[in-house]
Structures are given as structure tokens and as C-alpha cells.
*Asks:* 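One structure, pasted below without further comment.
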Amino acid sequence: MSGGLLVAGTTSDAGKSVVTAGICRWLVRQGVKVAPFKAQNMSLNSFVTREGAEIGRAQAMQAQACRIEPTALMNPVLLKPGGEQSSQVVLLGRPVGELSARGYHGGRQQQLLGTVLDCLAELRGTYDAVICEGAGSPAEINLRRTDIVNMGIARGARLPVLVVGDIDRGGVFASFFGTVALLSPEDQELVAGFLVNKFRGDVSLLEPGLEMLYGLTGRRTFGVLPFRHGLGIDEEDGLRVSLRGTVRESTVTAPVGEDVLRVAVCAVPLMSNFTDVDALAAEPGVVVRFVDRPEELADADLVVIPGTRGTVRALQWLRERGLADALVRRAAEERPVLGICGGFQILGERIEDEVESRAGEVPGLGVLPVRVRFAREKTLTRPAGEALGERVEGYEIHHGVASVAGGEAFISDDKGHSLDGCRVGHAWGTHWHGSLESDGFRRAFLREVAAAAGRRFVPAPDTSFAALREEQLDRLGDLIEQHADTDALWRLIESGAPQGLPFIPPGAPA
């Protein structure tokens, strides 16, 4: 087997995803053939691989950090929440059912351990190194018995564990010590050390604490990563990570034209693939914000209804808040509206859903002449076509099947035959996620929006979303190379956890 490492965290959002991506980019720049892995991901932010498998977007971006194509092996289990108590279980890229949290943790999760270990073993048989990402904290003692993503996978594959802590939140020393002290002796044997993330200030002031931490735990700190803006990649969930992590933060550029363009994104429940709007935020002069009140649409030049795991629920939410009426009025006034995936379905005339919400027939907003029927089989594809005279690529993740009975095709093939979506006036809808990452199409679309809004906005002629992503991943690699002990890190990946690491009481409860 090749070398390996599990990047765990003291908490959720400690920085596991970005540290994993950074280690991957650092390794590939050293000529190492490396792959990412996350046994189990809980996220509504997903991606479709070339073979038509659905995985978490974080693992897709980590694969990009490795300069390889993502595959289902890199994220064998994906949980897509459908509410507070249940999630769709996606196994090896395909949905296999809906389970409650109790049902999943009560037995189904442990049954999947063999599958995830097989996937990891296949990757380790192909690559020089596999950098694994944990989930939440490895010290979730209530879930340890069925764990397949933290110490369960580390024990099963004998992986050394690096624990990342977010010092910006405070309490990082207690978090490091407490994480180790709540693990069983067998688990503690694999915890090799720590990595401090998001540090602000003079590192010399931190060093006495790191020395005391070593004295208390017998485990070294492999680096102190400074706080940097704009280093988030496509992480798991939450509004705050989208605009925190947009590539726009890495370079602040003045608008090319005389005006900015204001984009309002409706913050619908169970929002999925909210990163679709990151490509808009990457454009100089485009201001993106999330909104939940109709008054916030008044000054928007473009309103986006994003994807959602609960189309009928999101439609009800829009109606309850008065946003639905505001959207209908806006479309009637020929003011730009874009619906993506679930948002496209919401803009249609009717939704027939016996699969996702089981609500039966529900009237849509009636902005587009589209009727949607939810199929049990999920559409998972990576299509390409043309729109507004430009090539466009995207990916589809949806149960809804759209029947278009009017308007214009939004995306067509090279012969002009409709491939997807619909347009009526300045209301557009498409099932394709990621389409705005196609630079030429995005510029053409923004020119149409600006013209309809009466804005003297001009898209930058040279913004490359792919290049900005690469720049962002290189910055993550630089962070590891410049602020981590890379020699010690490589020895850990190659040789495993040091022998004879001390046990820290009390250990996991019996």
C-alpha cells in the first residue's frame, strides 16, 4: 500500500477540507501521485464525475488540487439532508434510499465500513499517497461505535491522524488535548500530532503553548497556518462558506464598466450547490448577496433562485415570505430572473412530486411554460452545449423531469436543437449546475442582464474562473509548503504514526 494520512479536526469547519486540498497540491508539486478521499460526506454541495457518479464538491476540488479527475472512489458515501431527521444516501455515486439519522447510525453506517475500506485500498493501490479527510470531530464518543469516516477508517487502514484546530475560534489547546483524551488507547496510538489553523499574530507568542501541549500529550505540532482571506474551497454546507470562499476575495478588481451589477440569491431552504454563484462573484463589478425578504429584491439587477434538495418546500417558503409574488411581478416587468435546477422547476407552471416531498401536484410560479414531474431515477450527467452564442458546460443532479411547452430553448446543441432549459423574455431556467463557470457564456449572460437592467456594466474580457480556482489551490499549497514542517509531514504520510505515543487519560468511556 502507498502512504496515507487522515486529516481530522477538533470541530466541524476547523479547516479539514482546505488543509487536505493544500497538502494534496503541495504533494503533486513535488511530483507525488496523490489522491483525496473522504469516506462519508454530509453535504448538499455535490458534483458529478465523468462516469456519472455524484460525490461531494469538496472532494472534486481536492481532486483538482491533485490534478486528477474525481471518481466515486474518492467519496463512496454521500449523505444529502432532506430535512432535520433524514438524508438521501448516495453510495458509490448513486442514490440507494432515504434514511433517518437513527436508522443510518443504528446499523446501516457500520455495514458500509467494508465498502469504504475497499475504495480506500483501491486508491492506495493506484497512487503514491492518499490524503483522507475526516468529518466533524474524531471525539464524537456517541458515534464512535459506528464511525466509518474518522477513527473507524484510521483504525481499519492503519492511517496516521493529523488533528487540525481553528485557533481563530479560541480554545485550541483545550480542543487538541480534549480530542486526544476522549479517544480509546487504540485510537490514540494513531493520533500523531496537531496542525494549528487560522492563526493571527506573532507565532513566537504561541510557541510556549505548543511546547506545553507537547509535554502534556507527547505529540508535536506540524505547523501553524496563518489566517488568510479567500482560501475556502467548495465546502460542505452553509451560506457563509460560499461568499467567504469565493475566488473573488483573492483579488479585488475595479469594475470594467461604469456600473456594478447587483445579484440577489434567494436563500431557499435545503439550498444545494450554492457555489453556482461563485462564478458570478468572481467577475469584477458583480456584487452577490443572499436574501430572504422581498424588499431585498428591489435594487437587484438579477435574482437567482438556486438549486434545492426540497423544491416544494422551497416554493412554499418563497410564498410564505412574499418572495414568490415579488418574483412573479419582477418577471412580468421584464427584469432578469434565473432559476437553476430546483429554481428552474419553481419558475414553471406545475410540479408533480411523488418522490421528494410526496406532495402530489403543486402549482409553480408560472413564469416559464414548464411542467415538472419527479422521477424516481436521478439524472446525473455532465452535458455540454451552446447558449447565447457561446459554448457552455455543466452537470445535472435532479429527479425532476421538465416538459417545456413554449418560450425559447436556453441551451442547445450545435444544430440548434434544445438540450435544456427555457427562456421567456428576461426569465431563464436551466437544470445545469456549473454553467456560469464557462467564461464566454457567463460574459454573454451578464451582458444581457446589464442591458435589461439598464446598467452600464461591462464584463471583464479576461476573467478565467478555472485559472482563479487554480490560483486558489496554489495558494493552499503555498500555505502548507511555507508554514508546515513538510519533511516531518512526508515522513508521517510515508511511515505512519510514531511508535510509543503516550496514552492520555481518561480515554474513551467504556
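Reckoned from all heavy atoms, side chains included, excluding hydrogens, waters and symmetry mates.
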*Asks:* Is a side-chain donor or acceptor of Arg443 paired with a backbone partner of Thr463 at a separation under 3.5 angstrom?
*Replies:*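 Side chain of Arg443 to backbone of Thr463, a donor-acceptor pair under 3.5 Å: yes, one is there.
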*Asks:* So, for Phe47 and Tyr395, is the gap between ring centers shorter than 6.0 Å?
*Replies:*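 Judged by ring-centre distance (under 6.0 Å), Phe47 and Tyr395 do meet the cut-off.
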*Asks:* Which value, rounded to the nearest 0.5 Å, describes the distance between Lys80 atom NZ and Ser43 atom OG?
*Replies:*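 Output value for this atom pair is 8.0 Å.
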*Asks:* Go through the steps to decide whether Ser272 and Asn45 satisfy the test side chain to side chain donor-acceptor pair (under 3.5 Å), and finish with yes or no.
*Replies:* CA-CA 5 Å; Ser272 61; Asn45 200 17; over 6 Å; no
*Asks:* Could you go through Glu356 and Arg313, starting from their C-alpha distance and side-chain angles, then the distance that decides it, and tell me whether this counts as salt bridge (Lys or Arg N to Asp or Glu O under 4.0 Å)?
*Replies:* CA-CA 10 Å; Glu356 192 175 76; Arg313 177 177 168 184; over 6 Å; no
*Asks:* Does Gly223 offer a backbone N or O that forms a donor-acceptor pair with the side chain of Asp485 under 3.5 Å?
*Replies:*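 Between the backbone of Gly223 and the side chain of Asp485 there is no qualifying donor-acceptor contact (under 3.5 Å).
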*Asks:* Mark yes or no for whether Thr308, through its side chain, and Leu270, through its backbone, hold a donor-acceptor pair below 3.5 Å.
*Replies:*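 Yes, because the side chain of Thr308 sits within donor-acceptor range (under 3.5 Å) of the backbone of Leu270.
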*Asks:* Please round to the nearest 0.5 Å and tell me the distance separating atom CG of Asp278 and atom CZ of Arg469.
*Replies:*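 If we round to the nearest 0.5 Å, Asp278:CG and Arg469:CZ are 5.5 Å apart.
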*Asks:* Which heavy-atom pair separates Ala39 from Val149 by the least distance, and what is that distance?
*Replies:*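 That closest heavy-atom pairing would be CB-CA, 4.1 Å.
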*Asks:* Tell me yes or no: between the side chains of Ser46 and Glu54, is some donor less than 3.5 Å from an acceptor?
*Replies:*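 Side chains of Ser46 and Glu54: pair found under 3.5 Å.
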*Asks:* Begin from the C-alpha positions of Arg442 and Glu283 and carry the test salt bridge (Lys or Arg N to Asp or Glu O under 4.0 Å) through to its verdict.
*Replies:* CA-CA 9 Å; Arg442 182 180 65 253; Glu283 283 285 349; 2.9 Å; yes
*Asks:* Check whether the side chains of Arg169 and Thr11 place a donor and an acceptor atom closer than 3.5 Å, and report yes or no.
*Replies:*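 The answer is yes; a qualifying pair exists.
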*Asks:* So His431 and Phe344, would you call those rings parallel, tilted or perpendicular, with 30° and 60° as cut-offs?
*Replies:*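 Because their plane-to-plane angle is over 60°, the rings of His431 and Phe344 count as perpendicular.
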*Asks:* Any sub-3.5 Å donor-acceptor pair from Asn197's side-chain atoms to Asp166's backbone N or O?
*Replies:*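 The answer is no, because no donor-acceptor pair under 3.5 Å joins these two groups.
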*Asks:* How close do Asp128 and Gly31 get, heavy atom to heavy atom, and via which atoms?
*Replies:*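 Looking at all heavy atoms of both residues, the shortest contact is OD2-O, 4.5 Å.
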*Asks:* List the steps and the verdict of salt bridge (Lys or Arg N to Asp or Glu O under 4.0 Å) for Glu393 and Arg382.
*Replies:* CA-CA 7 Å; Glu393 297 180 3; Arg382 288 271 295 273; over 6 Å; no
*Asks:* To the nearest 0.5 Å, what is the distance between CG on Leu489 and CG on Leu162?
*Replies:*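 With rounding to 0.5 Å, CG (Leu489) is 6.5 Å from CG (Leu162).
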*Asks:* Quick one: do the His399 and Gln88 side chains pair a donor with an acceptor below 3.5 Å?
*Replies:*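 The answer is yes; a qualifying pair exists.
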*Asks:* Looking only at side-chain N and O atoms, does Gln59 offer a donor or acceptor that is under 3.5 Å from a partner on Glu133?
*Replies:*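 Indeed, the side chains of Glu133 and Gln59 share at least one donor-acceptor pair under 3.5 Å.
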*Asks:* Heavy atoms only: give me the nearest Pro502-Gln188 pair and the separation to one decimal.
*Replies:*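 Answer, listing the atom of Pro502 first, then Gln188: O-OE1, 3.8 Å.
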*Asks:* Check whether any side-chain N or O of Ser86 sits under 3.5 Å from a backbone N or O of Gly82 as a donor-acceptor pair, and report yes or no.
*Replies:*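 Between the backbone of Gly82 and the side chain of Ser86 there is no qualifying donor-acceptor contact (under 3.5 Å).
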*Asks:* Is the NZ or CZ atom of Arg220 both under 6.0 Å from the centre of the six-membered ring of Phe222 and within 45° of that ring's axis?
*Replies:*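 Yes, Arg220 lies over the aromatic ring of Phe222.
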*Asks:* Assess the side chains of Gln345 and Thr311: does a donor N or O sit below 3.5 Å from an acceptor N or O?
*Replies:*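 Yes - a donor-acceptor pair under 3.5 Å links their side chains.
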